[in-house]
Amino acid sequence: MSHTEVRTRFAPSPTGYMHIGGLRTALYAYLIAKRAGGKFLLRIEDTDQARYVEGAIDAILRSLDDCGIVFDEGPGKGGSFGPYVQTERSEIYREYAEKLVSLGGAYRDGGVIRQRVPKEGETTYHDEVFGVLTTPNNSPSLDENVLLKSDGLPTYNFANVIDDHLMGITHVVRGSEYLSSTPKYKLLYDAFGWEMPKNITVPLVMRDATHKLSKRAGDPTYEDLTTQGYLPEAILNYVALLGWSPGGEREFYTLPELVEAFTIAGISKSPALFDIVKLNYFNSHYIRSLQATDFTARIADQLPAKYDANAIAALLQGRLEKLADAKGAAAFFESVPEYSLELYTNKKAKTSPELASEILQKLLPVLSTHDDWTDEGLFELLGNLDDGYSKNARLWVLRIAITGQAVTPGGATAIAAILGKAETLHRISAAIGRF
């Protein structure tokens, strides 16, 4: 390993699915390494076996793979500094805990080994985002915490320091909730005589002004979002901007573009607000950017099988915020929902239920003899009829009759073309019967 090589890591605990803060930490660590031409590692910190969740490691690997965040070293991939799962490194921690005792940086206390913290003075370190930070050594946050438990497994505070040093980590990305713990790490590095990696502390991701995102509070994980129909590339782009600014007005970035644009200097100290409305905005952009065939394939299982999926998808692509909305948006193709006749009232089109009944009764025989059953052919027909009604009135009334909705993806004639002649005439007849 080159001494100048940038090496970062993402070190999640397998206690559940990937949460948004964790994804952002992984992304920033990846971007820092890749921008510098360095290495990005994945390490599983599973020493807290009481909180271990079956399947969580697979979920973490899936999420990273989904987003294109490829690690250079880690579980299943290998590397020169493994193993990359902490429960497989127990002997290493015991060796270094004993060494720390001999150096005076730790002491035995019954069946455990605790960190020795000076009673006087202060501990100072530099953070790349927050600058120089100093903590008095008699601060309550600098307690003499357990480093090696009675079962021989290390605590997080000890294992992450040993692993970061042995794996040659040069830059550590952490959430600001770890600011109070970092002086403990600095004391450990000093006791061993090791150089501390550069610390990059990122702001909390908040649900609102006073609460951080929390799965316990019902906030979504990465997998929750993808299940709801958010695209990985949209999630990743949005998450990148939660606490980091590239400067300027640009908002949309692919992962390679983020690698080029990312700088530690752009990371904010202030908490970032997770705004689902903004995420919807990003997601709708990425949905519109999909190739038509790709978009259709992603939503095909939500669409009614008896109609042309490509045609329905063409109506939906520019209007969906989430892929999972497709089923609801296309539900009227299956059947017309119950609706109030007042839906036919439209001030702009100057229609009313009474007028709608007249228009539909005149439209039915005209459409029955019309052969060009395409969007264009139907639109031309409804625009040129000489029946005393406006084109807007005819289109509005037809839309309500065949969909039961005032707002639809696509106009009345586009929908009628997909429904086909027989189904459209059937729906008009049924609508006439409602008056």
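Bear in mind the structure is a predicted one, so any value in this text is a computation, not a measurement. Keep in mind that the numbers below use all heavy atoms, side chains included, and drop hydrogens, waters and symmetry copies. Numbering of residues begins at 1 and proceeds along the displayed sequence.
With contacts defined as side-chain heavy-atom distances shorter than 4.5 Å, the pair Lys212/Arg207 does not qualify. Counting only heavy atoms from C-beta outward, the side chains of Leu187 and Pro118 approach each other to under 4.5 Å.
For NZ of Lys347, the number of neighbouring non-hydrogen atoms (other residues, nucleotides, ligands) closer than 6.0 Å is 12 at most. When the shell of 6.0 Å around NZ of Lys149 is examined, it contains more than 12 heavy atoms from other residues, nucleotides or ligands. Atom NZ of Lys350 sits in a sparse spot, with 12 or fewer heavy atoms from other residues, nucleotides or ligands closer than 6.0 Å. For Phe379, the CZ atom is loosely surrounded, since the number of other residues' heavy atoms within 6.0 Å does not exceed 12. The number of heavy-atom neighbours closer than 6.0 Å to CD of Glu380, taken from other residues, nucleotides and ligands shown, is 12 or below.
Residues Tyr238 and Tyr253 keep their aromatic ring centres 6.0 Å or farther apart. If you look at Tyr222 and Tyr17, their ring centroids are not closer than 6.0 Å. The aromatic ring centres of Trp244 and Phe262 sit less than 6.0 Å apart. Remark: aromatic rings of His165 and Tyr189 are distant, center separation not under 6.0 Å. In this structure, Phe252 has its ring center under 6.0 Å from that of Phe282.
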Side chain to side chain contact (heavy atoms under 4.5 Å, CB included) assessment of Arg89 paired with Leu166: CA-CA 11 Å; Arg89 299 172 62 83; Leu166 295 181; 3.8 Å; yes

Set out, in order, the CA-CA distance, both residues' side-chain angles and the distance that settles side-chain hydrogen bond (donor to acceptor under 3.5 Å, both in side chains) for Asp372 and Thr374, then state yes or no. CA-CA 6 Å; Asp372 184 4; Thr374 62; 2.9 Å; yes

Please walk me through it: do Asp48 and Thr15 pass side chain to side chain contact (heavy atoms under 4.5 Å, CB included)? CA-CA 9 Å; Asp48 188 352; Thr15 56; 6.0 Å; no

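Note on Glu251 versus Lys278: salt bridge recorded, some NZ/NE/NH1/NH2 to OD/OE distance being below 4.0 Å. A salt bridge links Glu223 to Arg62: at least one charged side-chain nitrogen sits closer than 4.0 Å to a carboxylate oxygen. Glu334 has no carboxylate O lying under 4.0 Å from a charged side-chain N of Lys327, or vice versa, which leaves the two without a salt bridge. With respect to the salt-bridge test (charged N to carboxylate O, under 4.0 angstrom), the residues Arg174 and Asp127 do not qualify.
With Ile69 as the fixed residue, the side-chain contact (heavy atoms from CB on, under 4.5 Å) test singles out one of Leu23, Leu42, Leu31: Leu23. The only member of Phe130, Tyr185, Tyr156 that meets ring pair (Phe, Tyr, Trp, His ring centres under 6.0 Å) when paired with Tyr178 is Tyr156.
Pro337 and Gly404 get closest at one heavy-atom pair: CG-O, 4.1 Å. Nearest approach of Thr135 to Ser139, heavy atoms of both residues: CG2-CB, 3.7 Å. Across all their heavy atoms, Ala309 and Leu303 have their closest contact at O-CD1, 3.8 Å.
A donor-acceptor pair shorter than 3.5 Å can be found between the side chains of Thr124 and Thr134. Under 3.5 Å, the side chains of Tyr84 and Glu73 contain a donor-acceptor pair of N or O atoms. Side-chain atoms of Asn137 and Glu120 include no donor-acceptor pair closer than 3.5 Å. Side chains of Asn283 and Arg288: no donor on one and acceptor on the other come within 3.5 Å. Between the side chains of Asp275 and Tyr281, no donor N or O sits under 3.5 Å from an acceptor N or O. No hydrogens or angles considered: nothing links the side chains of Tyr125 and Asn199 as a donor-acceptor pair under 3.5 Å. Side chains of Asp224 and Thr221: a donor on one and an acceptor on the other come within 3.5 Å. Counting only N and O atoms by type, the side chains of Thr408 and Arg399 include a donor and acceptor under 3.5 Å apart.
Geometrically, Arg94 does not engage Tyr96 in a cation-pi contact defined by less than 6.0 Å to the ring centre and at most 45° from the axis. In this structure, Lys99 forms no cation-pi arrangement with Phe192, as its terminal cationic atom is not both closer than 6.0 Å to the ring centre and no more than 45° off the ring axis.
Applying the side-chain contact (heavy atoms from CB on, under 4.5 Å) test to Glu128 and every residue at least two apart in sequence or in another chain returns His126, Lys198, Ile200, Ile264.
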